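Presented below is the structure to which this report refers.
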Amino acid sequence: MPEGHTIHRLASDLVRDLHGAVVAASSPQGRFDADPADGKVFAGATAVGKHLLLRFRDPETELDVSEQIHIHLGLFGKFKRFKNEVARDSGAIRFRLVGAVYTWQLTGPTACHWMSPEEVESLRGRIGSDPLDATADPERAWATVARSRRPLGALLLDQSVFSGIGNVYRAELLFLLGVHPELPSKALGRARFDELWRLSVELLARGVRERRIATTPKVAGVRVTKRESLYVYKRRECRKCSGPIVAIQLAGRPIYCCERCQPAEKLP
DNA sequence: AGCATATGACGAA
DNA sequence: TCGTCCTATGCTC
């Protein structure tokens with residue numbers, strides 16, 4: 001389920017398992033040149049929106065490998081963890097990292113390749129405000145939101161404006177905000193933008209903790225069931241008003257909303 | 001066994 | 001806006 005929370009969680013799990021360890025790296029599928037990482041020290045993982053960057057160090061020279069592995073899971077990608085003795089060569093494994101105890105296996109990514117420092121810099125430059133990045137600057141997103149006539153529901157999926165938000169989070173965020181997905185972005189206003197950013201930070205962070213997207217409240221601190229974890233995404237009936245949930249095509253993908261709780265606004 | 005489906009993004013037109 | 005790529009999973013027959 002790769003929206004930003006998945007990638008940030010992945011980065012911290014990889015660091016927890018492998019940081020400082022010499023790793024064996026390979027590409028059983030043969031579609032990636034893992035050799036530059038083989039026998040190197042795993043030196044860190046960073047999530048940038050939905051992008052994952054992996055760093056390595058040469059154990060002899062103590063020098064960092066200047067290129068980093070750039071991974072983007074896309075819609076189908078998975079990066080799964082196994083105990084070393086259980087991991088096996090099934091399916092199309094693009095990239096495998098073996099540490100002392102755990103093996104991580106990547107399948108189906110949209111991207112898995114080496115990136116030069118310049119390319120990494122350029123990637124960071126084109127990625128919008130990331131709610132999961134403590135140093136993120138929401139003013140950058142606001143600058144676009146305040147000017148654009150595009151529907152807000154389209155901007156939320158545009159990774160150069162916001163990053164890490166995907167199709168589930170965008171639907172849930174707009175529902176919680178009570179805003180119709182087709183509202184022209186510039187009509188949102190500063191107060192509602194601030195609330196949108198606050199909700200994004202809160203919900204994506206919760207996604208990292210719970211390893212899934214959940215936007216409905218816990219009852220007595222208890223984790224809600226999967227069925228009850230979302231307000232509108234792929235649902236038929238609104239959890240608040242029991243009205244119908246409609247799916248509108250926006251930015252090429254369906255966005256689910258309750259047009260009673262998220263009324264279209266009359267614009268001046 | 002076969003098929004529909006999926007939380008993404010890109011390039012061509 | 002459309003077609004294309006990437007793969008696993010869970011249904012249906």
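Throughout, protein chains are lettered first and strands after them, A, B, ... in sequence-line order, and every chain is numbered starting at 1. This structure is a prediction, so every number in the text was calculated from the model and none was measured.
Positionally, the nearest nucleotide of DNA chain C for A:R94 lies more toward the 5' end than for the other of A:R94 and A:K80.
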Check nucleotides 9-13 of chain B for protein N or O atoms closer than 3.5 Å to its own N or O atoms and list the pairs.
residue, atom, partner, partner atom, Å
B:dA9, OP1, A:H72, NE2, 3.1
B:dA9, OP2, A:K50, NZ, 3.1

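A donor-acceptor contact shorter than 3.5 Å links the side chain of A:R9 to the backbone of A:V208.
Using a 4.0 Å cut-off between charged nitrogen and carboxylate oxygen, A:E195 and A:R198 count as a salt-bridge pair. Electrostatic pairing of A:D17 and A:R81 counts as a salt bridge here, judged by a charged N lying under 4.0 Å from a carboxylate O. Taking a cutoff of 4.0 Å between a charged side-chain nitrogen and a carboxylate oxygen, A:R124 and A:D133 do not qualify as a salt bridge.
Residue A:F95 is not grouped with residue A:L75 when hydrophobic side chains (ILVMFWY) are merged at heavy-atom distances under 4.5 angstrom, including chains of intermediate members. Cluster annotation: A:L250 is connected to A:V179 through the hydrophobic network of ILVMFWY side chains, with a link wherever side-chain heavy atoms come within less than 4.5 Å. Clustering ILVMFWY residues whenever any of their side-chain heavy atoms sit less than 4.5 angstrom apart, transitively, puts A:F32 in the very cluster that holds A:L73.
Residue contacts shown for A:Y233 are limited to sugar-phosphate atoms, with no base heavy atom under 4.0 Å away.
Residues of residues 28-38 of chain A that place a heavy atom closer than 4.0 Å to DNA chain C, in numerical order, are A:Q29, A:R31.
Atom pair A:L75:CG and B:dA4:P shows a separation of 17 Å (rounding to whole Å applied). Rounded to an integer number of Å, the gap from NZ of A:K234 to C1' of B:dT5 is 7 Å.
If you walk DNA chain C from 5' to 3' and mark each nucleotide with an atom closer than 4.0 Å to a heavy atom of chain A, the marks span C:dC6 to C:dT9.
Of the N and O atoms on the side chains of A:H180 and A:E265, not one donor lies less than 3.5 Å from an acceptor on the other residue.
Between A:W114 and A:P36 there is a side-chain heavy-atom pair separated by less than 4.5 Å.
The only member of A:I69, A:L14, A:L106 that meets side chain to side chain contact (heavy atoms under 4.5 Å, CB included) when paired with A:L52 is A:L14.
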